[in-house]
Each structure stands twice: as structure tokens, then as C-alpha cells.
Amino acid sequence: MTEYWQEELETINRKDLEKLQLTRLWQTIERAAKSPFYQKVFAERNISVDTVRTLEDLQKLPFTTKDDLRKSYPYGMAAIPLKECVRLHSSSGTTGNPTVVLHSAKDLSEWANQVARCMYMVGIRDTDIFQNTSGYGMFTGGLGFQYGAERLGCLTIPAAAGNSKRQIKFIVDFGTTCLHIIPSYAVRLAEVMYAEGIDPRKDTKLHTFCIGAEPHSEEQRQRIEQMIGVKAYNCFGMSEMNGPGVAFECKEQNGLHIWEDYTIVEIIHPETLEPVPEGEVGELVLTTLNREAMPLIRYRTRDLTCILPGECRCGRTHKRIARFKGRSDDMIILKGVNIFPIQVEEVLMQFKELGSDYLITMETIDNNDEMLIEVELGDFSTDDYSRLQNLTKTITRHLKDELLITPRLKLVSKGSLPVQEGKAVRVRELRIKN
Ligand code: ADP
Ligand code: ZN
């Protein structure tokens with residue numbers, strides 16, 4: 001059995017890790033200086049490798065934003081000749097120009113290593129049969145997990161997204177033991193299994209899920225684990241940082257280790273842009289340390305999280321970040337109150353009577369901005385009107401306690417909300433702006 005436990009790097013002492021980071025940061029600055037984008041930024045601000053003497057000096061370097069990537073479309077961030085690049089991933093670009101991420105062969109190999117390391121960490125081995133339910137194409141969850149799982153030595157099934165009955169047939173016939181799956185889709189797949197008369201505990205060999213790519217609550221994770229009888233581990237990635245494998249939960253399921261030999265992690269206040277203390281929520285900022293084709297310095301991810309203080313019981317020394325609270329651009333402001341969709345999910349998922357699909361609609365009624373939450377019922381009879389009313393009242397009270405505003409809550413029958421393809425859209429914004 002191949003071991004993919006890179007003990008020396010994963011349990012490296014902090015002092016040696018920081019030394020390694022500084023050396024790699026210098027290399028990153030030197031490489032970045034060759035890209036048209038950083039060449040200009042460095043020249044304007046008189047930045048060179050000499051600007052950074054210690055890791056703290058990283059703060060002297062400017063941030064890089066998604067907008068910078070868009071403006072550099074398509075090749076303005078390339079730090080090596082295109083001839084030496086072997087892959088390009090591009091985001092959909094629903095708002096403005098798409099972004100492009102380039103990879104050298106070594107970049108791809110490092111990425112596979114990162115994903116393999118994550119998978120090994122949660123107990124996946126070369127004896128496992130791994131099915132990837134991510135879209136292949138530009139979505140990095142496809143190829144990212146494919147190469148990671150192959151590097152680990154799993155028998156890998158590139159099932160790709162959708163077609164639940166076919167997914168289930170593969171799971172049963174091929175004896176799939178592990179899945180990579182978006183959390184909202186995991187619940188759907190479980191429901192289809194039940195509907196098909198398949199008991200995942202008895203009729204499948206599933207034991208481990210890697211769930212990520214969209215925000216989800218701890219309650220949602222527990223639901224997935226209970227519905228299918230597996231362990232589900234939170235995995236975080238983003239295309240700008242390659243894709244999956246940036247940070248991943250270990251078996252402790254208490255925060256996601258972020259691989260600090262690959263990235264320098266900072267958490268900043270999204271408005272003052274100053275670093276926040278450990279344990280405080282802010283915006284995640286990442287610097288790549290190994291990338292050749294497209295180094296990124298202090299990339300503002302817009303994702304909100306915090307560094308969890310203390311050491312992890314698993315023995316890994318790389319810092320842990322908390323489950324994501326959301327993205328700074330996901331935040332809803334209603335009557336001056338800041339609300340994250342995940343807070344709504346956390347409340348809803350506590351009620352066993354409810355299913356897992358919900359939709360938040362922000363709307364204007366009689367000049368008033370309001371929040372409507374529609375949530376599907378689980379196995380709950382809608383005939384008993386007074387029970388339904390009581391349930392609605394109780395949930396509304398819990399929502400008010402959490403959100404500090406009172407939303408309108410509508411319990412709807414199972415299957416009545418629109419079925420979503422890919423990452424779940426939880427919020428509709430229909431408010432009339434004055
Ligand atoms: P992908 O190609 O995987 O969809 P994107 O770059 O489009 O990657 O999306 C990345 C974003 O998805 C992240 O910035 C984050 O907001 C969200 N995301 C990814 N993984 C998680 C996770 N485990 N928990 C919460 N949000 C996540
Ligand atoms: Zn750990």
C-alpha cells in the first residue's frame with residue numbers, strides 16, 4: 001500500500017515551516033516579476049525581493065484582486081512563456097471578463113500531490129474506489145480530484161456531474177467507497193437512493209465523502225453523514241488557487257488544515273485591510289508559494305473565515321481555518337442588519353421535519369424590504385394544519401433569534417422548489433432599489 005502521509009512536511013515544526021515559506025516567497029516574488037501584471041505593479045511601487053526580509057514584510061506587498069485577474073485577461077498574469085504552460089482553466093465570468101489560471105506541468109503535479117495528501121488525511125487509500133461527481137471541463141473539482149485520486153492510487157471513476165440514477169448504478173455495481181460531491185447534491189443523491197429502494201448502508205460500500213465547493217453548515221454535514229452512513233469531510237478550493245486541495249478537514253472534523261508549504265494564509269479585516277487576530281473572522285488572503293505559471297501574491301478571496309487557535313490533535317502543524325461563514329459579497333443587508341445565508345441554513349437544518357432545500361427571496365412589499373424563506377418539508381404530512389402552523393411559528397422564532405429580523409417563512413411540500421444543477425443558489429434578490 002502506498003503511503004501518502006508526507007509526515008516530514010505535514011508535521012514540520014513552525015520555525016522550519018516559516019523558513020521554508022520565506023525561501024519560497026522569495027522565489028515567488030522573483031517569478032511573479034516576470035509576468036506583465038506584477039512587473040508593472042512592482043515597478044510602480046519599487047518592489048523587489050529585497051523588500052521582503054521576513055515573513056511579516058509580506059504586508060508591504062499590495063493585494064491582488066479578482067478584478068486584477070479580469071483586467072489581465074487572458075495572459076497578463078503569465079509568469080512563464082505559454083510554451084511552458086500545459087493547461088488553462090477559466091471561470092465562467094458571469095460578471096465581467098472571465099478569469100484565467102495557467103499551469104505548468106510541475107504546477108499540475110504539485111496540485112495532484114496536494115489533493116492526494118488531503119484524501120489520504122481523511123483515510124482514503126489506494127485500495128479505495130473513488131467516484132467523482134464533479135463536472136469535468138473548466139470546473140476544477142473534476143480534473144483536480146481526478147489527478148489527486150490517481151496520484152493516491154485509487155481506482156478512479158470520472159462519473160462527472162448529474163444523472164443520479166447512473167451515479168447510483170455506478171456506486172452499487174463498481175463498489176464505490178468514496179465520493180467527491182457538492183453538499184446540496186449529496187442530499188439529493190441520498191433521496192434518489194431511498195426512492196429507488198436502495199439502502200446506502202446495506203446496498204453500497206460507501207464510507208467517505210469529500211464535500212465542498214459551496215458553503216454548507218455543520219448541520220448539513222451531519223445530515224449527509226446520517227442519511228448515507230458515511231463520514232463527510234469539508235474540502236475548500238477555488239480556481240484561482242488551482243481548485244480543490246487548498247484546505248481540507250482532517251479526521252478530527254474541527255477546522256480545515258490549510259497547506260502552508262503551498263500557501264501563506266492571512267486573515268484581514270475586509271474594510272480596514274489590516275490583519276485580524278487569530279480566532280477573529282475576516283477575509284481570507286492567500287499567497288501561492290509553489291506556482292510557476294501564475295504566482296499570486298496576497299490574493300483577496302472574499303471568503304470569510306478565521307484561523308482556529310491551538311494545535312490539532314491529529315499532529316499536523318499547518319494552521320486550521322474555520323468552516324466558511326460565506327463570501328463578503330454574499331452578505332444580505334436587511335434593515336441595517338447583516339445576514340449570511342448560512343445562518344438561515346443553520347437554523348433550518350436543526351428541524352428534522354424539514355428537508356434540505358430552501359430558497360431565500362429578498363423582495364419589496366408595500367415599500368418595505370422583506371425576507372421570504374421557503375423551505376421544503378421532509379416526511380411531514382401537510383394535512384395536519386395546526387401542526388404545520390405551530391411548526392412555522394417555532395421555526396420563525398428561532399430564525400428571529402439568529403437573524404435579529406423576522407422573516408416570512410413558508411413551508412412547502414417536498415420537491416416543489418426548483419431543482420438546481422451544480423452549486424446551489426440560495427438567494428434571489430428581487431428588492432426594488434430606490
Ligand atoms: P470551483 O471551480 O471549484 O467552483 P470557484 O473558484 O468557482 O471554484 O469557486 C470557489 C468558491 O467556492 C470559493 O471562493 C468559496 O466561496 C466557495 N467554496 C469552495 N469550497 C467551499 C467550502 N468547502 N465551503 C464553503 N465555500 C466553498
Ligand atoms: Zn488535524
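All figures in this text were calculated on a predicted structure; none of them were measured in a lab. Just so you know, ligand 1 is whichever comes first in the structure, and atom 1 is the first atom listed for that ligand.
Residues R31 and L289 share a closest heavy-atom pair of NH1-O, 4.2 Å. Taking every heavy atom of both residues into account, T305 and I267 meet most closely at O-CG2, 3.7 Å.
Ring-centre distance between F236 and F324: below the 6.0 Å cut-off.
Of all atoms in ligand 1, listed by their number and element, those nearer than 4.0 Å to a heavy atom of G237 are 10 (C), 13 (C), 19 (C), 20 (N). Heavy-atom proximity to T140, at under 4.0 Å, picks out these atoms of ligand 1: 1 (P), 2 (O), 3 (O). Close approach of ligand 1 to G212 is summarised as follows: ligand atoms under 4.0 Å from at least one heavy atom of the residue are 23 (N). Remark: ligand 1 atoms within the under-4.0 Å shell around heavy atoms of E240 are 6 (O). Near P215, the atoms of ligand 1 lying under 4.0 angstrom from a non-hydrogen atom of the residue are 25 (C), 26 (N). Using a 4.0 Å cut-off to heavy atoms of N234, the atoms of ligand 1 that qualify are 22 (C), 23 (N).
One N or O on the side chain of T301 and one on the backbone of L284 form a donor-acceptor pair closer than 3.5 Å.
Between F174 and K169, the closest side-chain pair of non-hydrogen atoms is not below 4.5 Å. Contact annotation: the side chain of I258 never approaches that of R320 to less than 4.5 Å [non-hydrogen atoms, C-beta and beyond].
The shell of residues lying under 4.0 angstrom from ligand 1, judged by heavy atoms, includes C235.
With 3.5 Å as the limit, one finds no donor-acceptor pair spanning the side chains of Y185 and Q420. Between the side chains of E110 and N242, not a single donor N or O lies within less than 3.5 Å of an accepting N or O. Y4 and N113 share a side-chain donor-acceptor pair at under 3.5 Å. With 3.5 Å as the limit, one finds a donor-acceptor pair spanning the side chains of E345 and Y358.
Looking only at protein heavy atoms, the nearest one to atom 13 (C) of ligand 1 is D303 OD2, 3.3 Å. Of the protein's heavy atoms, F139 CE1, 3.3 Å lies nearest to atom 1 (P) of ligand 1. Nearest protein heavy-atom contact of atom 24 (N) of ligand 1 is E214 O, 3.4 Å.
Under the side-chain contact (heavy atoms from CB on, under 4.5 Å) criterion, D57 pairs with V52, R53, T54, K60, not counting sequence neighbours.
In terms of polar-atom proximity, A213 is counted as a contact of ligand 1, with an N or O under 3.5 Å from an N or O of the ligand. For S239, a nitrogen or oxygen atom sits less than 3.5 Å from a nitrogen or oxygen atom of ligand 1, counting backbone and side chain alike. Not one N or O of I211 is nearer than 3.5 Å to an N or O of ligand 1, by distance alone.
In summary, of the residues considered (Q21, Q6, R117), a side chain to side chain donor-acceptor pair (under 3.5 Å) with D261 occurs for R117 alone.
With distances taken over non-hydrogen atoms, the option nearest atom 4 (O) of ligand 1 out of E249, K66, K423 is K423.
Excluding waters, the set of protein N, O or S atoms lying under 2.8 Å from the Zn ion (ligand 2) comprises C250 SG, H257 NE2, C312 SG, C314 SG.
The proximity of R327 to ligand 1, defined as any non-hydrogen pair under 4.0 Å, is limited to the side chain.
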Mind running salt bridge (charged side-chain N to carboxylate O under 4.0 Å, His left out) on R327 and D303 for me, showing each step along the way?
CA-CA 4 Å; R327 295 176 59 82; D303 287 315; 3.2 Å; yes

